[in-house]
Engineer: 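For reference, the structure I am asking about is given below.
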Amino acid sequence: MARDRDEITNVRSVVVQILGILLCLLVCCSAVFSAIDSEAPSITKVEPPSWWAGLTVNPVRLLVRGKNLTGARVRATQPAIQTSDTLVNRNGTYLFVNVNINPTARPGDYPLILETARGNTTIPFTIERLLDPETHFRGITADDVIYLIMPDRFANGDTTNDIPKDSPPAANDRNNPRSYHGGDLRGVIDHLSYLKELGVTALWLTPWYDNWNGINQCDKPWCPNTYYHGYHAIDYYGVEDHFGNLATLKELIEKAHAVGLKVIQDQVANHVGSHHPWVTEPPLDDWFHGTLQDHLVEKFQNSVLLSPHANREEVRNTLDGWFSDDLPDMNQDEPEVARYEIQNALWWVGTTGIDGIRQDTIQYIPRSFIRDLSNALYRQYPRMWMVGEVFEQDAAQTAFFIGGHTGWDRIDTKLNSVFDFPLWNTSLLVFTGKLPVRALRDQLKYDALYPDPAKVTTLVNNHDKPRFMSLDGATLEGAMMHTAFTLSARGIPQLYYGEEIAMEGKEDPDNRRDFPGGFPGDKQSAFSAEGRTQTEQRMYEWTREWISLRQTHSSMRHGRLIDLFYDDQSYVFARQDQSETVIVAINRAGQEKQITVPAGSIGLRNGVYVAPLIGTSGGGRVANGQATLTVLARTAVAFAVR
Ligand SMILES: [Ca+2]
Ligand SMILES: [Ca+2]
Ligand SMILES: [Ca+2]
């Protein structure tokens with residue numbers, strides 16, 4: 001028995017040993033297989049995901065994000081496209097490849113095959129149908145009146161997107177002015193008729209790029225906060241999930257176009273958000289100016305960008321520094337970055353059919369890149385329009401950045417328009433009683449600096465500054481004169497949502513309150529006359545009338561601006577084109593004023609009658625080359641010749 005037991009024990013131990021070896025083999029082999037598996041290439045993002053046949057930019061250069069891309073080759077699966085010039089970054093996490101598209105290629109799917117020694121994978125890529133250039137990409141002119149909307153704060157048309165899956169409740173709290181409030185693209189679609197009725201012709205939406213859904217906690221006064229405003233992109237090709245998706249965006253643009261409203265996209269080529277995946281894994285070492293650990297911090301010494309005498313260090317700080325130490329600054333001097341951003345701009349235009357671009361913080365982008373971007377846009381879309389945010393009170397600086405002339409650096413940015421912050425600021429000061437009214441004329445004389453002052457974009461206000469009604473010294477009459485002046489001066493006027501109902505709001509984010517009536521549970525709706533208070537209705541009607549006046553008088557859109565009279569309390573100017581003359585008179589004084597203007601100097605014959613088009617002020621007959629106009633207290637009047 002003992003021997004038997006020993007034999008059994010021996011047999012058992014042999015079996016156990018064999019099983020052990022088998023198990024070991026199995027474990028080792030699966031480890032080897034999984035090692036091969038984990039080293040196979042995989043991709044998570046393709047930018048751009050689509051392009052067009054016959055475009056001026058061909059080949060298009062794809063940026064592919066993934067893993068294990070070292071040594072990758074990329075080949076096309078159909079003869080209509082060819083690939084070339086593959087470049088993979090040091091970590092094998094990003095691959096660049098040119099895709100040359102035969103101009104006769106038909107729209108459809110054109111997947112590419114990516115191969116390495118460890119395996120292969122597919123890069124999805126499609127060729128899209130071109131949108132009709134007659135009804136898209138139409139550009140913006142002085143015939144337009146722009147209306148700025150912050151989608152999160154205008155109207156909530158779809159409550160199902162209010163809290164995305166990965167977004168904590170605190171990030172979506174209407175009680176926190178720095179949280180998402182639920183407004184979206186559907187909300188804009190739902191209120192197109194309101195905008196149409198007001199008379200505006202173009203909508204500028206603050207950025208719709210996908211932003212981070214989380215909430216920042218910090219010990220600064222601006223925390224907790226979110227990126228509801230859209231200026232901190234984590235995906236240059238994505239639509240913010242709080243706002244909708246690409247299909248909703250396309251629907252908005254098509255529906256806006258159908259009722260005669262153009263759409264302007266807010267693009268941010270200067271920087272991305274701090275949560276962008278590039279921040280920890282940049283596609284190239286010089287993708288940004290500096291790295292998360294080591295970068296310049298923007299000191300906002302903006303005038304060094306204008307001065308030919310600035311030293312290199314202060315210029316680099318302003319151009320390359322990270323905003324608030326937080327926003328990774330794109331390096332457009334790296335050709336791959338420049339190409340990526342130009343394609344991105346063209347992709348949004350081609351994909352959605354937008355009519356214009358507002359370029360954020362444009363002065364912190366190299367001027368040579370502004371020029372290259374402008375050229376690429378107009379080469380493909382000749383009517384396309386871009387306005388740059390050069391947030392300066394010095395007209396020399398805003399004029400330096402507009403296109404149509406060459407700066408001391410021998411660069412013409414080709415930029416269509418810049419916001420006229422100098423005139424806006426003067427107007428705010430005048431109509432809150434801090435400057436004499438003649439300051440308007442004194443500011444306008446610097447139009448000498450612009451190649452074509454009619455191309456600047458004038459603004460009533462925007463989302464970065466307190467609303468008129470919350471300024472020190474503000475009155476409803478002041479707001480009305482400010483709006484009338486902005487809508488009748490040269491340039492392309494831009495309104496800001498809520499100013500037309502005299503909304504209040506101090507510094508950001510108070511100036512971004514929800515539009516009344518746009519959100520579930522709102523007790524009052526300013527979208528209809530019945531819902532507006534008396535003050536709101538008065539401001540709304542006034543704004544609508546001045547827009548209408550502008551739309552029905554070509555001289556107010558395209559005419560020369562001619563000074564007729566200016567003193568501490570009043571300013572009178574003509575807008576005149578070949579077909580007509582409109583005279584605009586502003587009287588800030590607390591009493592009615594008789595103002596005599598040199599009507600003969602602008603070609604008005606003796607005997608004609610200058611009659612008010614708006615308001616109840618009195619006109620006058622031209623005699624001896626003069627006309628005496630009666631302007632009531634604290635108002636603006638437009639007169640035409642009868
Ligand atoms: Ca919503
Ligand atoms: Ca998001
Ligand atoms: Ca920059």
Side-chain angles (χ1 to χ4, degrees), residues 150-168 171-174 179-191 207-215 226-246 248-249 252 268-273 275-277 286-290 295-302 304-305 315-334 337-338 341 359-370 373 388-390 401 514-515 518-522:
M150 185 160 256
D152 185 57
R153 304 297 164 88
F154 188 61
N156 186 352
D158 178 1
T159 53
T160 66
N161 59 22
D162 289 359
I163 308 178
K165 274 207 294 288
D166 59 346
S167 193
N172 307 282
D173 174 9
R174 275 187 77 194
S179 281
Y180 281 97
H181 287 190
D184 48 35
L185 300 172
R186 180 66 55 197
V188 179
I189 295 172
D190 290 346
H191 294 96
W208 57 60
Y209 303 125
D210 192 19
N211 275 240
W212 184 57
N213 286 344
I215 184 157
T226 71
Y227 302 135
Y228 69 92
H229 47 66
Y231 289 97
H232 293 208
I234 56 166
D235 181 356
Y236 268 136
Y237 282 90
V239 172
E240 172 52 48
D241 41 356
H242 284 90
F243 299 165
N245 55 31
L246 187 59
T248 336
L249 176 65
L252 187 162
V268 191
N270 183 61
H271 56 259
V272 292
H275 290 269
H276 196 294
D286 63 351
W287 194 252
F288 296 121
H289 287 124
H295 55 259
L296 297 169
V297 179
E298 164 73 90
K299 291 181 198 143
F300 298 105
Q301 274 185 289
N302 297 345
V304 302
L305 299 173
V315 172
R316 294 282 23 137
N317 176 273
T318 311
L319 276 177
D320 302 355
W322 291 27
F323 260 61
S324 30
D325 197 12
D326 184 41
L327 293 175
D329 196 70
M330 296 292 287
N331 176 15
Q332 294 88 2
D333 297 322
E334 158 59 54
V337 172
E341 294 204 311
Q359 189 64 248
D360 189 52
T361 62
I362 201 166
Q363 58 179 334
Y364 310 122
I365 300 171
R367 283 165 54 83
S368 54
F369 179 73
I370 303 173
L373 173 60
E389 182 208 18
V390 182
F401 280 90
D514 302 342
F515 192 95
F519 294 78
D522 282 0

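Whatever order the structure lists ligands and atoms in, that order sets their numbers, starting from 1.
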Engineer: What residues form a side chain to side chain contact (heavy atoms under 4.5 Å, CB included) with D326, not counting sequence neighbours?
Structural biologist: Y227, H232, S274, S324

Engineer: Rounded to the nearest 0.5 Å, how far apart are OH of Y228 and CE of M150?
Structural biologist: 5.5 Å

Engineer: Of the backbone and side-chain N, O or S atoms of N211, does one lie nearer to the Ca ion (ligand 2) than 3.0 Å?
Structural biologist: yes

Engineer: Do D360 and N270 get their side chains close enough for a donor-acceptor pair, meaning under 3.5 Å?
Structural biologist: no

Engineer: Give the atom name of whichever N/O/S atom in D241 sits closest to the Ca ion (ligand 2).
Structural biologist: OD1

Engineer: If the plane angle is over 60° it's perpendicular, under 30° parallel, otherwise tilted; pick one for Y180 and H242.
Structural biologist: parallel

Engineer: With the Ca ion (ligand 2) as the point of reference, which N/O/S atom of D210 is the closest?
Structural biologist: OD1

Engineer: Quick one: give me the number of protein N/O/S atoms under 3.0 Å from the Ca ion (ligand 1).
Structural biologist: 6

Engineer: What I want to find out is whether R174 reaches D162 closely enough, with some N-O distance under 4.0 Å, to be called a salt bridge.
Structural biologist: no

Engineer: Measure the CG-CG distance between L185 and N245 for me, rounded to the nearest 0.5 Å.
Structural biologist: 8.5 Å

Engineer: Is it true that some N/O/S atom of N213, main chain or side chain, lies under 3.0 Å from the Ca ion (ligand 2)?
Structural biologist: yes

Engineer: Indicate, with yes or no, if the rings of H295 and F288 have centres closer together than 6.0 Å.
Structural biologist: no

Engineer: To the nearest 0.5 Å, how far apart are CZ in F323 and CZ in F300?
Structural biologist: 4.0 Å

Engineer: Please determine if the Ca ion (ligand 3) has an N/O/S atom from Y364 lying under 3.0 Å away.
Structural biologist: yes

Engineer: Strictly under 3.0 Å, is the Ca ion (ligand 3) approached by any N, O or S atom of D320?
Structural biologist: no

Engineer: Please calculate the OD1(N270)-the Ca ion (ligand 3)-O(L319) angle and round it to 10 degrees.
Structural biologist: 150°

Engineer: What residue among D329, N302, D320, T318 forms side-chain hydrogen bond (donor to acceptor under 3.5 Å, both in side chains) with Y364?
Structural biologist: N302

